[in-house]
Amino acid sequence: MHPRRHRIGVVGLGYVGLCTAVTFASRGFKTVGIDVERQKVASIKAGNVPIHEPKMDQLLRRGLHSGSLEVTDEFSQLSKADTVYITVGTPSKSDGSIDLTYVENAAGQIGENLRTRRGYCVIVVKSTVIPGTTSSRVKPLIEQASGRKVGRELGLCANPEFLREGTAIYDSFHPDKLVIGADDKNALKWMTHFYKRFYGSRTPPIIATTPETAEMIKYASNGFLATKISFINTVANIAQNIPGVDVEVIAQAIGLDRRIGPLFLKAGPGYGGSCFHKDLQGLIEFSRRLGYDPILIRTTEEVNEHQAEEVLKLVQILLGSLEAKRITLLGLSFKKDTDDVREAVSIRVAKHLRKRGARVVAYDPIAMPNARKALDDTVEFASDPRTALKGSDCCVVLTEWDEFRRLTARDYSRLMRVPNLVDARRLYRPADFRAIRFLAIGLGSNNGLLRTTQNFSS
Ligand code: NAD
């Protein structure tokens with residue numbers, strides 16, 4: 001399998017698809033990326049990455065320039081592909097179940113364009129889909145549209161993606177594992193060979209399993225990570241009420257236990273992003289249809305939904321009534337290094353604050369254009385953090401951007417009308433903020449701040 005002779009098709013150029021395409025192209029594999037959105041295709045073709053993702057633009061331009069990457073809206077380009085990835089979106093329907101329309105359309109379009117193809121080709125479902133989708137939904141559509149049999153002339157497998165937005169390129173080059181769910185040995189052999197060729201001596205462990213198990217691994221993974229976050233947020237909400245207790249120290253201590261591990265134990269305003277909520281809702285609906293009520297997953301979601309209220313509680317402790325108060329939100333993206341505001345807690349917090357009569361001014365280094373679309377124009381946007389803080393009654397830090405770390409207690413007290421700060425991301429060392437009114441998620445106010453604060457607001 002020589003890179004120059006192995007052709008890859010990637011259908012759907014969102015986060016996952018574009019990242020997959022530029023990564024393969026960067027190692028010389030002839031890659032064609034296809035999307036139905038013409039404008040997006042034109043923009044990517046011109047070398048512009050439609051999302052903010054570190055290192056993505058360099059790889060894109062390099063791929064286009066070297067000719068190893070081609071971007072188009074013409075599915076006919078797939079007729080020469082040896083391996084075709086499906087990376088389209090799988091959004092939630094209103095009942096929480098997943099909408100497979102894009103996956104089904106993509107499967108049909110891929111099938112039609114493989115009709116005339118000679119030789120073996122493997123179709124890989126990388127989108128997150130509920131167990132059974134690859135075998136019972138994608139397979140018949142591909143067979144019908146292509147007039148060819150999966151298992152003989154075509155291969156099919158589920159190969160979920162685990163990248164994280166913000167570190168997507170790094171994650172694509174350094175995955176912890178590769179999960180390949182295939183019913184036929186040829187497809188498994190093909191994909192294993194391909195990945196060994198791509199990753200060489202750095203090939204991670206490969207989990208070879210059934211398509212259904214592969215699909216379920218992705219849901220189990222996101223379900224577990226989200227549960228870990230809701231768990232530590234629950235501990236934080238309890239800790240907040242006990243003078244002398246700090247959730248950060250608790251997380252550090254329990255994280256040293258190898259059975260627990262240190263990651264995803266950062267208390268905060270709740271998880272966001274395009275995947276956790278969507279995937280947990282998808283899992284809940286899927287599980288219910290099977291006759292099992294997944295109480296733990298439901299509760300993880302409930303805790304997360306409630307977490308915005310915990311942030312508001314801290315604001316209210318500092319301010320009392322929010323009516324006509326000017327409140328600054330620092331950070332709008334669901335985490336740093338991305339401009340993604342899908343399911344971001346900032347949107348929920350801004351809406352709650354507005355409902356309670358507050359005036360909201362927000363700043364984010366890159367997510368403001370997306371946030372503008374998600375919020376109505378009653379939220380003001382500032383050009384930099386200092387402008388956002390001017391004349392403010394309270395500031396809430398909602399995203400862990402590095403530039404916010406550089407702000408000091410002096411900056412806050414100099415710029416704000418009243419220096420009230422809620423650190424919902426635990427960016428700051430509480431000891432450095434003794435001079436201003438400071439509350440943080442999961443920090444029992446042992447230094448008398450809470451008492452002082454209550455005196456202020458009463
Ligand atoms: P996205 O919404 O950013 O992009 C999907 C793209 O698919 C869009 O550009 C859309 O125009 C295109 N598309 C839709 N129908 C198409 C069709 N028939 N043919 C060609 N293109 C089509 O989605 P995403 O965030 O990249 O996620 C893709 C999948 O990967 C989802 O199932 C998601 O759950 C999963 N996933 C996402 C992430 C993440 O961090 N974003 C991580 C792991 C897994």
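First listed ligand is number 1; within each ligand, the first listed atom is number 1. Quick note: numbers below take in every heavy atom, side chains included, and nothing from hydrogens, waters or symmetry partners.
Sorted by chain and number, the residues within 4.0 Å of ligand 1 by heavy atom are V11, G12, L13, G14, Y15, V16, I34, D35, V36, E37, K40, F75, T87, V88, G89, T90, Y102, N105, A106, Q109, S127, T128, E161, L163, E165, K218, S274, C275, K278, R342.
Counting only heavy atoms from C-beta outward, the side chains of F194 and F24 approach each other to under 4.5 Å.
Smallest separation of non-hydrogen atoms from A267 and N233: CA-OD1, 3.2 Å. Nearest heavy atom pair, residue T399 against residue K336, reads CG2-N, 3.6 Å.
F276 and F264 have tilted rings, their planes meeting at an angle from 30° to 60° on a 0 to 90° scale.
Donor-acceptor pairing under 3.5 Å is recorded for the side chains of H306 and E310.
Checked against F198 for a side chain to side chain contact (heavy atoms under 4.5 Å, CB included), the options T23, L178, T203 give a single hit: T23.
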